[in-house]
Amino acid sequence: MLDIRCLRQELDATEAALARRGYTLDRARFEQLEARRKELQVRTQELQAERNTRSKGIGQAKARGEDIEPLKAEVGRLGEELKQCETDLHVVQAELDALLMQIPNLPQADVPDGLDESANVEVRREGVPREFEFTPRDHIDLGLPGGWLDFEAAVRVAGARFVVMRGAMARLHRALTQFMLDLHIERHGYQETYVPYLANPESLEGTGQLPKFDEDLFSVNCDQRFRLIPTAEVPLTNLVREQILEAESLPLKMVAHTPCFRSEAGSYGRDVRGLIRQHQFEKVELVQIVRPEASPAALEELLGHAEAVLQALELPYRVMLLSAGDMGFSAARTYDLEVWLPGQDAYREISSCSSFEAFQARRMQARFRPKAGERPELVHTINGSGVAVGRALVALLENHQQADGSIRIPAQLQPYLGGTSVLEPPSEQ
RNA sequence: GGAGAGGUGCCGGAGCGGUCGAACGGGGCGGUCUCGAAAACCGUUGUACUCUCGCGAGUACCGAGGGUUCGAAUCCCUCCCUCUCCGCCA
């Protein structure tokens, strides 16, 4: 949520910044609501003040044993206008809040112009895509032997956009998860955190999935309030909702491994084959809760932590700075990590690292106290995937495949696979 | 799911419908004392919002939302949550 003062005091600049990301502010509506709010609030507070003093007077008169009936009649008339004003004010306030909740975050000044991914800027490349002495296969082919990756079985169990993994592939998937968790816990200083996979609407509003993007989420039948989390960002970030943190406790650095559930409404026909876009996938998520002045550096740091995963897995990637229009609703600045996929002959997103500044904190009322006795201030929130496990699996298969269909395991991952250096495909029967 | 108890400020914990933003205790902050510290003592200490250039003034908030009343933390209704016991369950 934007600070309403952006709209009150710097309407032109705010409108322009929102336009950069393709959002058209309904300026007339805001100005009309705001004017009405002001009028009603001033009047309501006047009336309340008067009622308070008069009621107090009645109390004192009664204590002196005077006749209070005439006084009561007088205040009674005042009460009717007050009630009307309060009701109207509530309505206007609610409309104003609803409007505010629909407005996305402002992009940082140096975020590139542009309305979609074509305007994203490549920051740098790491690693060099390998030259294959044979025609590389994609992960779907590589996953065929022994039902390593079985999409048809998943259709029977659930439906499209799910997968069943077997044997070494399932273990590799688990190994990747464990490796990433350990890396962030032991080398990057994150606290391992276990969180609920269902979230209530308040939490989803806090991070920005609701009220606008409910169709992207799965709801639960038995309790209409719950949604399946689309990312661990939701539970992790909301751990500080409505909290006032001590300054010394910052930064908070948390990592969690969770499944993520996304309806993928509106992505029909995109990535229909394979593991790239699933209704259910695993992700290791990094979240930092920081003081405002620390947030730019913290985003760069967190980006480095995500990159460390790809480097350890010996995967070539590039870092993209997203254009204003390609960022998510709540983000002020986003870097995507795109990993090289030989099967697609393209770089594909495997991590997204964003700073939300105070946008989520304001929705969550997540604050910290700079010094004992001082007023609380909103924290900044930052998160990033470190990294998407399913896509990491794809990248590993496709980049480290060998001519015979076996998969080379990078040295740092080997301890998680009992020291195995090559995954041999099961022999076909 | 059944039965019961309860939701008050940073924490504990009071609160006949009227000077209650809330006693009291703890904690925090500032000070006195001290070489320093502890103890003791004194003072202070919520959040959000509105109007105002500013000084300042005002409003709201005692789980949430309604209602009764001139006036509600206190009375009534609805909802939410937490805890205890039973049942069920990994």
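Proteins come first, then strands; the chains are lettered A, B, ... in the order of their sequence lines, and each starts at number 1.
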side-chain hydrogen bond (donor to acceptor under 3.5 Å, both in side chains) assessment of A:Glu205 paired with A:Gln360: CA-CA 9 Å; A:Glu205 277 170 15; A:Gln360 293 179 327; over 6 Å; no
Please assess A:Glu424 against A:Val422 for the test side-chain contact (heavy atoms from CB on, under 4.5 Å), listing each intermediate value before the final yes or no. CA-CA 6 Å; A:Glu424 300 288 351; A:Val422 176; 3.6 Å; yes
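Note: CD (A:Gln45) to P (B:rC61) measures 12 Å, nearest angstrom. Between A:Glu34 atom CD and B:rC51 atom C1' there is a gap of 12 Å when expressed in whole angstrom units. We find that CD1 of A:Ile4 is positioned 10 Å from P of B:rC51, with the value rounded to whole Å. Between A:Gln243 atom CD and B:rG9 atom C1' the separation is 15 Å, expressed in whole Å. Here the P atom of nucleotide B:rU82 and the CG atom of A:Asn200 are 11 Å apart, to the nearest Å. One interatomic measurement links the two molecules: CZ of A:Phe226 to P of B:rC80, which rounds to 12 Å at whole-angstrom precision. Protein atom CG of A:Leu40 is 15 Å distant from nucleotide atom C1' of B:rC49, rounded to whole Å. Taking atom CD on A:Glu242 and atom C1' on B:rG7, their separation rounds to 15 Å, with Å as the unit.
Proximity of the aromatic rings of A:Phe359 and A:Phe329 is defined here by a centroid distance below 6.0 angstrom, and this criterion is met. The six-membered or imidazole ring of A:Tyr194 lies away from that of A:His257, with a centre-to-centre distance of 6.0 Å or more.
Using atom C1' as the reference point in both B:rC62 and B:rC20, the two lie 10 Å apart (nearest Å). Between B:rC29 and B:rU47, the two P atoms lie 16 Å apart (nearest whole Å). Nucleotides B:rA73 and B:rC61, compared at atom P, are 6 Å apart to the nearest Å. For the P atoms, the distance from B:rA14 to B:rG87 is 32 Å, rounded to whole Å. B:rC70 sits 44 Å from B:rU84 when the P atoms are compared, rounded to a whole Å. Comparing the same atom, P, in B:rG6 and in B:rG13 gives a spacing of 13 Å after rounding to whole Å.
Counted by atom type alone, A:Asp336 and A:Ser352 present one or more donor-acceptor pairs between their side chains at under 3.5 Å. A donor-acceptor contact under 3.5 angstrom links the side chains of A:Arg333 and A:Gln108, judged on distance only.
Side-chain nitrogen and oxygen atoms of A:Arg367 include none within less than 4.0 Å of the OP1 or OP2 phosphate oxygen of B:rG46. Side-chain N/O atoms of A:Arg369 include one lying less than 4.0 angstrom from OP1 or OP2 on B:rU47. Dashed line: the shortest gap from a side-chain N or O of A:Asn52 to OP1 or OP2 of B:rA60 is under 4.0 Å.
Counting non-hydrogen atoms under 4.0 angstrom, A:Arg8 reaches the backbone sugars and phosphates but no base.
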Please list, for nucleotides 70-72 of chain B, all pairs of protein and nucleotide N/O atoms separated by less than 3.5 Å.
| from | atom 1 | to | atom 2 | distance (Å) |
| --- | --- | --- | --- | --- |
| B:rC70 | O2' | A:Ser55 | OG | 3.1 |
| B:rG71 | O4' | A:Ser55 | OG | 3.1 |

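Other residues, nucleotides and ligands place no more than 12 heavy atoms under 6.0 Å from the CD atom of A:Gln191.
No option in A:Glu301, A:His380, A:Lys253 other than A:Glu301 meets the side chain to side chain donor-acceptor pair (under 3.5 Å) test with A:Gln288.
You'll find that the side chain of A:Lys38 is closest to B:rC51, out of B:rU47, B:rU19, B:rC51. Side chain of A:Arg37, nearest nucleotide from B:rU59, B:rU19, B:rU50: B:rU50.
A 3.5 Å limit on both hydrogen-bonding distances identifies B:rA60 as the Watson-Crick or G-U partner of B:rU47.
The 5' end of RNA chain B is approached more closely, in terms of each residue's nearest nucleotide, by A:Pro376 than by the other of A:Pro376 and A:Val42.
Under a 4.0 Å N-O distance rule, the pair A:Arg8/A:Asp3 does not qualify as a salt bridge.
Closest of all the heavy-atom pairs between A:Arg277 and A:Arg348 is NH2-NH2, 4.0 Å.
Residues of residues 244-253 of chain A having a heavy atom closer than 4.0 Å to RNA chain B: none are found.
In this structure, A:His188 and A:His184 have tilted ring planes: the angle between them lies in the 30° to 60° band.
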